[in-house]
Amino acid sequence: MTIKYANWYLRRQFVVPTAAAFLIGLGTLIGLAVPQYSISQKGREYHPREISIKRGETLQIINDDADLLHHSYIDSPKFSFDSGDQQPGSKTDITFPVAGNFDVLCAIHPKMRLVVDVQ
Ligand SMILES: [Cu+2]
């Protein structure tokens, strides 16, 4: 084996799996960006109020109240999130990267609560 060929061979050994890993990673990222579940904010409540999902899955929260702002947040040692103000009709995606039990609360309406069980 010439040195030139050996270099190419070694590089190919690296490039092919790296490219494959990159494409798989890219697919996973795109997959994560697509929400799997829809949650409605209506009448100052989350609907449904509880949901069970898998790690890495995404909820889409839709403000279905015509004239109310909402503001979803999660404050947990494992994972925190803050949507900012959610205008009527707006959609907010939350991807849960770790397993656990999380309360999604509303900063504007303290009684609003969504329990997310991430497995
Ligand atoms: Cu609210």
Side-chain angles (χ1 to χ4, degrees):
M1 201 186 290
T2 65
I3 288 172
K4 200 172 175 186
Y5 179 76
N7 274 340
W8 175 83
Y9 183 79
L10 285 173
R11 209 177 309 138
R12 197 188 63 163
Q13 293 292 88
F14 174 75
V15 167
V16 172
T18 304
F22 175 76
L23 288 174
I24 291 165
L26 192 66
T28 305
L29 280 176
I30 291 166
L32 286 177
V34 177
Q36 283 93 4
Y37 302 94
S38 181
I39 305 288
S40 174
Q41 294 166 310
K42 196 157 177 62
R44 296 184 174 84
E45 286 179 355
Y46 290 99
H47 303 272
R49 292 183 190 187
E50 288 184 33
I51 192 164
S52 204
I53 66 170
K54 294 194 190 78
R55 189 163 55 91
E57 289 186 321
T58 300
L59 301 185
Q60 181 167 75
I61 299 181
I62 303 165
N63 183 353
D64 286 319
D65 275 317
D67 50 6
L68 292 175
L69 279 181
H70 295 293
H71 185 141
S72 295
Y73 71 94
I74 298 167
D75 186 14
S76 146
K78 283 185 179 177
F79 175 55
S80 50
F81 175 85
D82 190 309
S83 69
D85 283 346
Q86 296 166 285
Q87 301 291 332
S90 70
K91 295 174 179 177
T92 303
D93 290 353
I94 311 177
T95 300
F96 290 79
V98 287
N101 224 277
F102 301 97
D103 285 344
V104 181
L105 302 172
C106 177
I108 299 169
H109 309 105
K111 287 180 183 168
M112 285 180 72
R113 180 168 172 244
L114 164 67
V115 177
V116 184
D117 177 32
V118 184
Q119 289 163 356

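Only a predicted model underlies this, so the values are computations on that prediction, with no experimental measurement involved. Numbering of residues begins at 1 and proceeds along the displayed sequence. In each ligand, atom 1 is the first atom listed, and ligand 1 is the first ligand listed.
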Residues in side-chain contact (heavy atoms from CB on, under 4.5 Å) contact with Lys42, at least two apart in sequence or another chain: Ser40, His47, Asp64, Asp65
Contacts of type salt bridge (charged side-chain N to carboxylate O under 4.0 Å, His left out), residue Arg49, not counting sequence neighbours: Glu45
Can you list the steps and then say if Glu50 with Leu114 is a side chain to side chain contact (heavy atoms under 4.5 Å, CB included)? CA-CA 6 Å; Glu50 288 184 33; Leu114 164 67; 5.8 Å; no
Sphere of radius 2.8 Å around the Cu ion (ligand 1) - protein N, O or S atoms inside: His70 ND1, Cys106 SG, His109 ND1, Met112 SD
Side-chain heavy atoms under 4.5 angstrom apart, residues restricted to Ile, Leu, Val, Met, Phe, Trp, Tyr: same cluster for Ile53 and Phe79? yes
Can you get from Tyr46 to Leu105 by hopping between Ile, Leu, Val, Met, Phe, Trp and Tyr side chains that sit under 4.5 Å apart? no
In chain order, what residues pass the side-chain hydrogen bond (donor to acceptor under 3.5 Å, both in side chains) check against Asp85, with sequence neighbours excluded? His71
